[in-house]
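Only one structure is covered here, and it is reproduced in the block below.
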Amino acid sequence: MQNRSWAEPWRIKMVEPIKMTSFSDREKALEKAGFNTFLIEAEDVYIDLLTDSGTTAMSDRQWAGMMVGDEAYAGSRNYYNLERAVFEHYGFTHLIPTHQGRGAEHILSQIMIKDGDYVPGNMYFTTTKFHQQHAGGTFVDVIVDEAHQPSSEFPFKGNVDIEKMQALIDKVGADKIPYLSLETNVNMAGGQPCSMENIRTVCELCHAHGIKVFLDATRAVENAWFIKQREAGFETKTVKEILLEICSHTDGCTMSGKKDCLVNIGGFLAVNDDELAEEARNMLVVYEGLHTYGGMAGRDMEAMAIGIGESVQEEHMASRVGQVEYLGKKLIDAGIPIVRPIGSHGIFLNAQEFLSHLPRELFPAQALAAEIYLDSGVRTMERGAVSAGRDADGNNIYPKLELVRLTIPRRVYTQAHMDVVTESIISVWEKRSEITGLEMVYEPKRLRFFQSRFKVSQPSAVDEDGCKCCSSTVS
Ligand SMILES: *Cc1c(COP(=O)(O)O)cnc(C)c1O
């Protein structure tokens, strides 16, 4: 394997044609979508890098598994296959299947969190934090500072800052902290891993104080891959062994199967504690479904059971992460500013640096995502001020990171697609000084990034210092 490229450990058996669009088609589609890539019809997209969630291509074996779906209301054989796969690869004894990750987060939050509790986590994830707060908890970020610095090359930006965790325990008391929510390969930090040493140390600290640790294991396999690549002592272990070791330190996990598990829908909660499992199953029958299917069809549980087995194969991970690195390195070579080090599931363009002539008020990341679509039909998404929304006083929040995310679906696109993405971003880079930014013309009350609409800002709206001098409809 030494001098070989990351080439895919599969070949293509069935193809899905995609629509090739002209510049004027894309101009019309973008206008119609109010310059928000979430509002573009998928039919009008050439290469769709909006998300890696549920966009996976399943294998022939997974499709064959769909055909042996047992849709019995109770006791489907596919449930037992999934239970075995979760135990074999994640090591947890009780499986609680849900319709997707947030279903598991809802149940875990409701059974664990009381009003006035604090729930620490290594950076937030949107749905995870929502359910913690909905259950009466307060989220506290305990990730290391490096996670917030786009140019830091720190190899484990997902790590928990042990001092921040200790400080929280000292301040509010361990009895106010039901659990630490430990995310592997932290999504919002750019797909950045935790080290095994950090996981072990923080679990020891929590357990010494009677605080449980639940993994957000959505990208735990990708995290295991990075541990193998970057952490001393793990070079010769398999991804499968490392994944089991990560989980062995913790008390259970929530899972969005739409990522690492290589399926289009599904998720689960898994725990070791018998009483907790019983409570979770009581909730499950109310909110999802009977305990042997929860939120999934029998065929979907079978596809996930098979997908879990495929996800820990070394060749799969080498090509999954290899493809993301291939794209990232090409962009770095072209001088494009991206978040470093390259993460597992996507590339994040630093829009503030890319469009350094634009003030934050003109939403550089939103404008850049729109421009990339216009150039080539490649769909990306904004992760900056639009996503961050407003604070309690109604002011726009301007987070440290103003990014455009290019998320790579698993087993879907080829190296040539990655070349086209690079070419398109380079041509946008070359004409970056002509990009004038966007003004928001419609803003929904909640999670505004999904549905807000924009118009192109006229250059006259910005004075010589780059300050916006006329008021837009939202300021
Ligand atoms: C996608 C995701 C979730 C939520 O899962 P859904 O299946 O979309 O409900 C939770 N945590 C992380 C880290 C995720 O990436």
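Whatever order the structure lists them in is the order used to number ligands and atoms, beginning at 1. Predicted model only: the values in this text are computed from it and were never measured.
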Could you give all pairs that pass the ring pair (Phe, Tyr, Trp, His ring centres under 6.0 Å) test and reach residues 202-221, with sequence neighbours left out?
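Of all non-adjacent pairs touching residues 202-221, those that pass ring pair (Phe, Tyr, Trp, His ring centres under 6.0 Å) are Y179-F214.
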Please collect all ring pair (Phe, Tyr, Trp, His ring centres under 6.0 Å) contacts where either partner lies in residues 270-311, sequence neighbours excluded, each pair once.
Y73-Y293, H106-Y287
Short N-O contact, R390 and E443, less than 4.0 angstrom:
yes
Taking the side chain as C-beta and beyond, is there a heavy-atom pair between V321 and E325 under 4.5 Å?
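In contact.
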Once ring-ring contact (aromatic ring centres under 6.0 Å, His included) is applied, do any residues pair with Y124, and if so which ones, sequence neighbours excluded?
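In terms of ring-ring contact (aromatic ring centres under 6.0 Å, His included), with neighbours along the sequence ignored, Y124 is linked to no residue.
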Are F449 and F38 close enough that their ring centers fall under 6.0 Å?
yes
Under a 3.5 Å threshold, I'd like every N/O contact between ligand 1 and protein atoms, with atom names and distance.
| from | atom 1 | to | atom 2 | distance (Å) |
| --- | --- | --- | --- | --- |
| ligand 1 | 5 (O) | S256 | OG | 3.4 |
| ligand 1 | 7 (O) | G101 | N | 2.9 |
| ligand 1 | 7 (O) | S256 | OG | 2.7 |
| ligand 1 | 8 (O) | Q100 | NE2 | 3.3 |
| ligand 1 | 8 (O) | R102 | NH2 | 3.0 |
| ligand 1 | 9 (O) | Q100 | NE2 | 3.0 |
| ligand 1 | 9 (O) | G101 | N | 3.3 |
| ligand 1 | 9 (O) | R102 | N | 2.8 |
| ligand 1 | 9 (O) | R102 | NE | 2.7 |
| ligand 1 | 11 (N) | D216 | OD2 | 2.7 |
| ligand 1 | 15 (O) | N187 | ND2 | 3.1 |
| ligand 1 | 15 (O) | R219 | NH1 | 2.8 |
| ligand 1 | 15 (O) | K259 | NZ | 2.7 |

